[in-house]
Each structure stands twice: as structure tokens, then as C-alpha cells.
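Below is one structure; the comments refer to it alone.
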Amino acid sequence: MLVQVVYESIHGNTAAVAEAVADGLAPYATVEIDAVENASAPDLSVDLLVIGAPTHGFGLSWPRSRRGVARREAARDTSSTPDSTGVDTSIGVREWISGASQNCYGLAAAAFCTRPASTSWLPSSAAHGISKRLRRQKCIMIASPAEFFLDTVQGPVSAGELERAYKWGATLAFQHRSIAHTA
């Protein structure tokens, strides 16, 4: 089984969760993991697509929200400019899914996000937005959207969340296997 994990990360927290998910999948599958700005669209060899992003304003980031983060990061670090923060504001998961849409039909998929624990009571998140967009592209969602929590907006990842992400990754492998056998 080939799994493609694609993530958007600004402060490195979503990248850490994506790595933990990939590690959980690795005993059961070949896993390719890429930041969204480096990820190619899934091809026919991909069996499972897993996408993650940070929650911005109750959902997926927009170019404007990413530019805002870049400006705030530059303001914190007086030695940087908005263009030198390492935040690529040109593409996020929202844009990547739109560009990959023709390759998603019938593909098994799962979505996750990171968000501050203080917002856990809010009903919407990037994971729900990813899942909704993937369903619109005719992907087959094999799991409910997963949310992994951060101590603050900038992180770090809350205690126990990386272990939970690892277990979620392993669970995805088994869920995909059971769906593949019944198809």
C-alpha cells in the first residue's frame, strides 16, 4: 500500500503531527510525506491520501491568513522580513486540493488538523474543511476528521498528542485494509 501524506505547517506543529501519523502508517505501508508546497498531485499508484493543516480562523488557511502569520512572525523576529520567515504564503492545502482534484476521484482519504486546545469547543476546524473538500472531489473518506491539539497558537504540540497521532496513523492503515477487502 502506498500512502501520500501532505501537510501545511507554519510553526512546525502540523509537520510534527504529520510525521507521527506517517510513522504510525509506516509498519503497514510505504509512506511518502511532503509539505504542501513540495507535494505533487496524487497519481494512480497512491492508495491512501492523508492531508493535514493548521486551523486558521475556524477553518483552512487562505493566502491572506498565511501572509498575516508571516507578518506577525517577522514582527517577532526583528532580523527577518515577511519574505524571510520561511512561511510560503502562495500555496496551502486549500489550493493544493483544488489543483489535485482531477486525481482524487475514488481515492481513499483522511484529514487532520492542529489547533489550540483552548479552541477545542469550537465546532469547525481545518480538518472538517479538508474532509469537505475531499468529499467534493469524490474521495472516499475512511475516517472522521482528526484534531490534534497545541498548547497555544504557536505550539508546542500538547502532551500526548504525537502519540495519539501515531496511533491514528496505524488505525488508518487498518481502516483502509478493511475497506479495500470489502470493495
Practice task
State the CH2-CG distance between Trp168 and Leu25, to the nearest 0.5 angstrom.
Solution key: 8.5 Å
Problem - For Arg133, all residues meeting side-chain contact (heavy atoms from CB on, under 4.5 Å), sequence neighbours excluded - result: Leu60, Arg94, Ile97, Arg136
Handout entry: Minimal non-hydrogen separation, Ala143 against Gln175, with atom names
Key = CB-OE1, 3.6 Å
Exercise for the section: Considering non-hydrogen atoms only, spot the tightest contact between Cys113 and Ala127 and give its length. Expected result: CB-N, 3.4 Å
Practice task
Give a yes or no on whether Val6 and Leu2 share a hydrophobic cluster (residues Ile, Leu, Val, Met, Phe, Trp, Tyr; joining criterion: side-chain heavy atoms under 4.5 Å apart).
Solution key: yes
Exercise for the section: Would you name the heavy atoms of Val50 and Val21 that are closest together and state the gap between them? Expected result: CG1-CG1, 4.2 Å
Exercise for the section: Using the rule that two of Ile, Leu, Val, Met, Phe, Trp, Tyr join whenever any of their side-chain heavy atoms come within less than 4.5 Å, decide whether Met1 and Ile33 are in one cluster. Expected result: yes
Handout entry: From CZ (Arg135) to SG (Cys104), nearest 0.5 Å
Key = 13.5 Å
Exercise for the section: Check the pair Glu147 / Phe112 against side chain to side chain contact (heavy atoms under 4.5 Å, CB included), numbers first and verdict last. Expected result: CA-CA 6 Å; Glu147 299 174 351; Phe112 72 91; over 6 Å; no
Problem - Check: His11 side chain, Gly155 main-chain N or O, donor-acceptor pair, under 3.5 Å - result: no
Practice task
Report yes or no: does Asp151 contribute a side-chain atom to a donor-acceptor pair with the main-chain N or O of Ala117 at less than 3.5 Å?
Solution key: no
Practice task
Please assess Thr14 against Thr114 for the test side-chain hydrogen bond (donor to acceptor under 3.5 Å, both in side chains), listing each intermediate value before the final yes or no.
Solution key: CA-CA 6 Å; Thr14 310; Thr114 55; 2.6 Å; yes
Practice task
Answer yes or no: is there a donor N or O on one side and an acceptor on the other, between the side chain of Ser125 and the main chain of Gly59, under 3.5 Å?
Solution key: no
Exercise for the section: Return the minimal non-hydrogen interatomic distance between Ala126 and Pro54, and the atom names on each side. Expected result: CB-O, 3.4 Å
Practice task
Check whether any side-chain N or O of Thr171 sits under 3.5 Å from a backbone N or O of Lys167 as a donor-acceptor pair, and report yes or no.
Solution key: yes
Handout entry: Reported OG-to-CZ distance for the pair Ser158 and Arg115, which is rounded to 0.5 angstrom
Key = 12.0 Å
Practice task
Check the hydrophobic clustering (I, L, V, M, F, W, Y; side-chain heavy atoms under 4.5 Å; chains of links allowed) and say if Val36 and Ile130 are grouped together.
Solution key: yes
Exercise for the section: Tell me, please, which residues at least two apart from Glu19 pass salt bridge (Lys or Arg N to Asp or Glu O under 4.0 Å). Expected result: none
Problem - Single-linkage hydrophobic cluster, 4.5 Å side-chain cutoff, Val153 and Leu150 together - result: no
Fill in the blank from the handout: When rounded to the nearest 0.5 Å, the distance separating CG of Asp34 from CD of Gln4 is 7.0 Å
Handout entry: Residue pair Phe174 / Ala170: nearest heavy atoms and the distance that separates them
Key = CD1-O, 3.2 Å
Practice task
Kindly work out whether a path of hydrophobic side-chain contacts (I/L/V/M/F/W/Y, heavy atoms less than 4.5 Å apart) joins Val31 to Tyr7.
Solution key: yes
Problem - Passing candidate, side chain to side chain contact (heavy atoms under 4.5 Å, CB included) with Leu134, options Ile140, Leu107, Leu49 - result: Leu49
Handout entry: Euclidean distance, Ile142 CD1 relative to Leu48 CG, rounded to 0.5 Å
Key = 4.5 Å
Handout entry: Minimum heavy-atom distance between Trp96 and Pro42, given as atom pair plus value
Key = CH2-CD, 3.6 Å
